[in-house]
> 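Dumping the structure here so I can ask a few things about it.
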Amino acid sequence: MLSDTVRAQVKATAPVLQVHGETLTRHFYQRLFKGSPHLRQLFNQGHQHNGQQQQALAMAVAAYAQHIDDPSVLMPVLERVAHKHVSLGIRREHYDVVGFHLLASIREVLGEAATDQLVDAWAQAYGQLVDVLAGLEASMYASAVAREGGWTGWRAFRVVGKVPESAEITSFYLSPADGGPVPDYLPGQYLSVRVFVPELGIMQPRQYSLSDAPGTGRLRISVKRESAASGRPAGQVSNLLHDRYDEGDILDVAPPQGEFTLDVEGTNPIVLISGGVGLTPMMSMLNTVAARRDGRQVRFIHGCREGSVHAMREHLSSLTGRLPNVRSKVFYERVGPADRQGVDYHHAGRIDLHAIRDDVLLDDADYYLCGPVPFMQAQRQALRDLGVAPERIHAEVFGTGGMDA
């Protein structure tokens with residue numbers, strides 16, 4: 001338990017961190033990677049390059065300082081972080097290294113303002129945060145290894161299938177190289193996959209949603225090729241997977257993680273709303289409902305740029321054709337001459353939940369959102385405007401940021 005004095009000192013730094021936090025976190029990461037270069041492979045270097053990682057950490061540190069009197073307010077965020085840490089193989093001993101460089105960075109960036117008392121207060125606060133995260137992660141590690149076919153850390157999986165789903169998205173079917181069983185997972189969870197990136201000289205992990213129902217005897221991820229655009233470099237790992245990995249090749253895989261999951265025992269209707277590659281966890285949820293012969297009402301609402309990037313179109317059409325409880329609405333931002341309205345898509349333009357409110361507003365429904373952050377912010381606001389209670393809305397965020405509107 002932190003003393004009143006320690007909490008007051010940490011809380012007093014919150015305004016400073018809101019203004020200068022990103023400077024601090026940039027310095028921290030530079031210091032960390034210089035002093036402990038082996039840790040670079042735990043971090044997405046693409047997010048380091050574009051500043052996402054630094055910004056996300058700065059926001060997290062400022063939020064922790066602001067809520068130091070009652071950190072339980074941050075528990076949903078901490079649980080999400082713990083899932084990500086377990087998917088990357090982060091262990092308690094890593095926190096000691098990170099803490100050393102974080103406290104040193106506070107001294108070096110804040111200068112004279114970083115008194116011994118302030119640094120000691122942050123050391124105690126950081127220790128409290130570590131205890132919470134390490135406790136959550138220990139439970140997750142134990143759960144991962146206890147399930148049939150489970151493991152912790154990295155495990156070799158063989159690519160047993162590679163299927164193009166659209167002009168941008170390809171599915172990879174994975175099976176344990178050791179011949180062992182595939183663990184169960186919850187629809188909506190993700191895998192961490194690790195590959196060697198020659199340009200960086202290190203392994204790099206990425207998280208990809210599982211895109212099929214559990215219980216198939218193999219794991220499936222569906223990966224979007226991230227091309228260079230608007231000054232943003234091409235995705236190193238996604239392009240390596242598309243270009244260099246084929247059937248028979250080996251990938252390092254961590255056990256399924258993630259708290260954005262379908263309640264498989266629930267009976268309420270579900271509305272799945274996705275943008276672009278955000279449809280991948282939704283397909284896992286939809287396929288699970290189909291495999292379980294779950295009779296609850298499902299609405300699958302999806303938006304994409306155009307027909308060429310509409311992944312799994314035929315599969316969705318097949319499901320809606322044979323399952324009377326499943327209906328879909330698909331939006332194309334750009335409609336081509338070969339696109340068939342009512343067959344390939346239903347509406348032109350971006351998703352407009354107000355225009356299809358009869359398909360959206362189902363009594364006691366749960367709503368699941370996945371896609372780029374601006375997309376989810378817009379859809380969440382639209383749902384609120386339509387009267388949907390906030391606790392009914394669940395969202396998965398790709399990347400390092402949050403989705404608060």
Side-chain angles (χ1 to χ4, degrees), residues 163-172 187-188 190 206-212 220-230 232 234-235 238-239 241-242 260 270-287 290 298-321 326-357 359-360 367-383 394-399 403:
V163 179
E165 304 285 6
S166 75
E168 295 178 332
I169 296 174
T170 294
S171 287
F172 294 82
Y190 57 80
R206 295 292 187 272
Q207 287 75 40
Y208 298 109
S209 296
L210 289 151
S211 60
D212 204 356
R220 185 178 77 175
I221 57 174
S222 300
V223 179
K224 177 187 175 185
R225 180 194 291 273
E226 296 291 348
S227 301
S230 303
R232 182 192 66 202
S238 68
N239 280 275
L241 289 173
H242 276 254
F260 176 73
I270 58 175
V271 180
L272 309 175
I273 304 172
S274 58
V277 74
L279 96 163
T280 52
M282 306 310 193
M283 293 306 305
S284 178
M285 295 180 185
L286 179 61
N287 287 352
V298 180
R299 299 294 180 265
F300 193 99
I301 301 167
H302 179 62
C304 55
R305 295 195 315 276
E306 57 188 21
S308 69
V309 297
H310 183 186
M312 305 178 188
R313 177 170 56 197
E314 290 76 16
H315 179 67
L316 177 62
S317 178
S318 173
L319 285 181
T320 56
V326 178
R327 290 162 56 183
S328 67
K329 292 292 182 182
V330 176
F331 290 72
Y332 284 0
E333 291 185 26
R334 296 190 297 268
V335 177
D339 296 326
R340 301 163 295 173
Q341 189 170 21
V343 179
D344 301 319
Y345 77 101
H346 302 93
H347 300 275
R350 296 186 176 184
I351 288 180
D352 183 353
L353 298 183
H354 293 271
I356 56 170
R357 59 185 300 144
D359 291 290
V360 173
Y367 297 81
Y368 295 83
L369 310 178
C370 189
V373 170
F375 167 85
M376 289 194 296
Q377 289 174 339
Q379 305 316 316
R380 184 171 68 171
Q381 187 58 54
L383 290 173
H394 317 279
E396 172 72 308
V397 179
F398 292 157
M403 66 161 288

> Is the ring pair Y332/H310 parallel, tilted or perpendicular, if the boundaries are 30 and 60 degrees?
perpendicular
> Quick one: does R299's side chain have a donor or acceptor within less than 3.5 Å of a partner on V360's backbone?
no
> To the nearest 0.5 Å, what is the distance between OG1 on T170 and CZ on R225?
7.5 Å
> Just one of S166, S171, S284 clears the side-chain hydrogen bond (donor to acceptor under 3.5 Å, both in side chains) bar with S222, so which one?
S171
> For a quick test of reading the model, state the closest non-hydrogen atom pair linking F172 to L241 and the distance between them.
CZ-O, 3.3 Å
> Which heavy atom in G278 sits nearest to a heavy atom in C370, and how many Å separate them?
O-CB, 3.4 Å
> How long is the span from the CD1 atom in I273 to the NE2 atom in H302, to the nearest 0.5 Å?
12.5 Å
> Is the closest basic N to carboxylate O distance between R350 and E333 below 4.0 Å?
yes
> Using the rule given for side-chain contact (heavy atoms from CB on, under 4.5 Å), can you reason through E396 versus Y190, listing the C-alpha separation, both sets of side-chain angles and the distance that settles it, and then say yes or no?
CA-CA 10 Å; E396 172 72 308; Y190 57 80; 3.9 Å; yes
> For a quick test of reading the model, state the closest non-hydrogen atom pair linking M376 to A395 and the distance between them.
SD-CB, 4.0 Å
> Report yes if some heavy atom in the side chain of F331 is under 4.5 Å from a heavy atom in the side chain of I356; otherwise report no.
yes
> Here's a test for you: under side chain to side chain contact (heavy atoms under 4.5 Å, CB included), which of V271, I301, L272, L383 qualifies with L369?
L383
> For the atom pair CG (N287) and CZ (R220), what is the distance rounded to the nearest 0.5 Å?
6.0 Å
> Would a 4.5 Å heavy-atom cut-off, applied to side chains only, mark H394 and Y368 as touching?
yes
> Find out whether F300 and M283 are in side-chain contact, i.e. whether some heavy atom of one side chain is under 4.5 Å from a heavy atom of the other.
yes
> Taking atom CG of D339 and atom CD of E306, what is their separation to the nearest 0.5 Å?
8.0 Å
> What closest approach, in Å, do M282 and S274 show between heavy atoms, and which atom pair accounts for it?
CG-CB, 3.9 Å
> To the nearest 0.5 Å, how far apart are OG1 in T280 and CG in D212?
11.5 Å
> Side-chain contact, heavy-atom cut-off 4.5 Å: F375 with I351?
yes
> Could you give me the CA-CA distance, side-chain angles and deciding distance for S211 and E165, then say whether side-chain contact (heavy atoms from CB on, under 4.5 Å) is met?
CA-CA 12 Å; S211 60; E165 304 285 6; over 6 Å; no
> Measure the spacing between CD of E168 and CD of E226 and express it to the nearest 0.5 Å.
8.0 Å
> Is there a side-chain contact between S238 and Y208, using heavy atoms and a 4.5 Å cut-off?
yes
